[in-house]
Amino acid sequence: MAWTEERIEKLRKLWDDGLSASQIAKELGENVTRNAVIGKAHRLGLKSRPSPVKKDAKKKAPAKPAVKKSPPKEKKIISGKVSLLELTDRMCKWPIGHPGDDDFHFCGKSSEAGMPYCAGHCAEAYQAQPQRKSAAPQAPRIIR
DNA sequence: CCCTGATTCGC
DNA sequence: GCGAATCAGG
C-alpha cells in the first residue's frame with residue numbers, strides 16, 4: 001500500500017488534530033497499523049507532540065550536597081496497623097482483617113530483606129502443610 | 001493488560 | 001521508503 005497524497009493529507013490532519021496513531025491507523029484503513037502511521041509521520045517530519053511517554057530526565061536536581069539532616073526520622077516499627085497506602089517495602093504485608101473492612105490493615109512490622117512478611121508471619125506463611133491428601137484446600141486461617 | 005509514541009533494522 | 005518488532009513509559 002503506497003502512501004498516496006490523499007492518505008498523507010489525511011494523516012497530517014488527523015495527526016495534528018491530536019488523534020492517536022492507532023486511531024489514525026483505524027481511520028485510514030484496516031491494513032494500516034499504528035506503526036505504519038507513526039513511521040510515516042516521523043518520516044514526514046511531523047512533530048513528536050504530546051507524547052504520553054515522557055523521558056524527561058528530571059529537571060533541576062536540587063542537588064543536596066551539604067546540609068544533611070542526619071537521620072532525623074528513623075522510626076522503628078514494631079507493631080502494625082498499616083494501611084495499604086502506607087505499606088512500604090520492608091514492612092510485613094500480612095493482611096489483618098478482611099479487605100473492605102473498616103479496620104482492614106497490614107501487620108506492618110519490619111521484615112527482613114526480600115521477605116514480604118515479618119519473622120513471625122514468615123513462619124506462618126511458609127509452614128509446610130503436611131497432610132495434604134484431600135483435594136479440598138484448607139480454608140485460610142482467619143486472623144483475629 | 002490496556003494503551004502511548006520512539007527507534008531500529010531488514011526488506 | 002516502508003513498517004513490524006522492539007523499546008520505554010503510563
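Lettering of chains follows the sequences in order, A, B, ..., and the numbering in each one begins at 1. Quantities reported herein were computed from a predicted structural model and do not represent experimental measurements.
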For [X] and [N], give me the distance from atom [atom1] to atom [atom2], rounded to whole Å.
| X | N | atom1 | atom2 | value |
| --- | --- | --- | --- | --- |
| L19(A) | dC3(B) | CG | P | 16 Å |
| L28(A) | dG3(C) | CG | P | 11 Å |
| R43(A) | dT7(B) | CZ | C1' | 12 Å |
| Q23(A) | dC2(B) | CD | P | 17 Å |
| L44(A) | dC2(C) | CG | C1' | 12 Å |
| L11(A) | dG1(C) | CG | C1' | 14 Å |

As an exercise, state the distance from CH2 of W3(A) to CZ of R43(A), rounded to the nearest 0.5 Å.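 Here the interatomic distance stands at 8.5 Å.
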CZ on R12(A) to NZ on K40(A), rounded to 0.5 Å: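 One gets 8.5 Å once the value is rounded to the nearest 0.5 Å.
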Please confirm whether the shortest side-chain N or O distance from [X] to OP1 or OP2 of [N] is below 4.0 Å.
| X | N | answer |
| --- | --- | --- |
| W15(A) | dG5(B) | no |
| K40(A) | dG3(C) | no |
| H42(A) | dG5(B) | no |

Are any protein N/O atoms closer than 3.5 Å to N/O atoms in nucleotides 4-6 of chain C? If there are, list each pair with its distance.
| residue | atom | partner | partner atom | Å |
| --- | --- | --- | --- | --- |
| dA4(C) | OP2 | T33(A) | OG1 | 2.4 |
| dA5(C) | N6 | N35(A) | OD1 | 3.0 |

With the side chain counted from C-beta on, respond yes when R7(A) and V32(A) share a heavy-atom pair under 4.5 Å apart, and no when they do not.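 They are in side-chain contact.
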Nucleotides 9-11 of chain B: which of its N/O atoms have a protein N/O under 3.5 Å away?
none

From the set dG1(C), dT7(B), dG5(B), return the single nucleotide nearest to any side-chain atom of S20(A).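 Within the option list, the nearest is dG5(B).
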Which nucleotide in dG1(C), dT4(B), dA6(B) has an atom nearest any side-chain atom of I38(A):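 The closest nucleotide is dA6(B).
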For a side-chain contact (heavy atoms from CB on, under 4.5 Å) check, start with the C-alpha distance between T4(A) and I8(A), then their side-chain angles and the critical distance, and finish with the verdict. CA-CA 6 Å; T4(A) 66; I8(A) 295 179; over 6 Å; no
Could you walk me through whether L14(A) and Q23(A) pass the side-chain contact (heavy atoms from CB on, under 4.5 Å) test, one step at a time? CA-CA 9 Å; L14(A) 294 176; Q23(A) 208 46 59; over 6 Å; no
Would you say I38(A) ends up clustered with L11(A) if hydrophobic residues are merged whenever their side chains have heavy atoms under 4.5 Å apart, either directly or through other cluster members?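 No.
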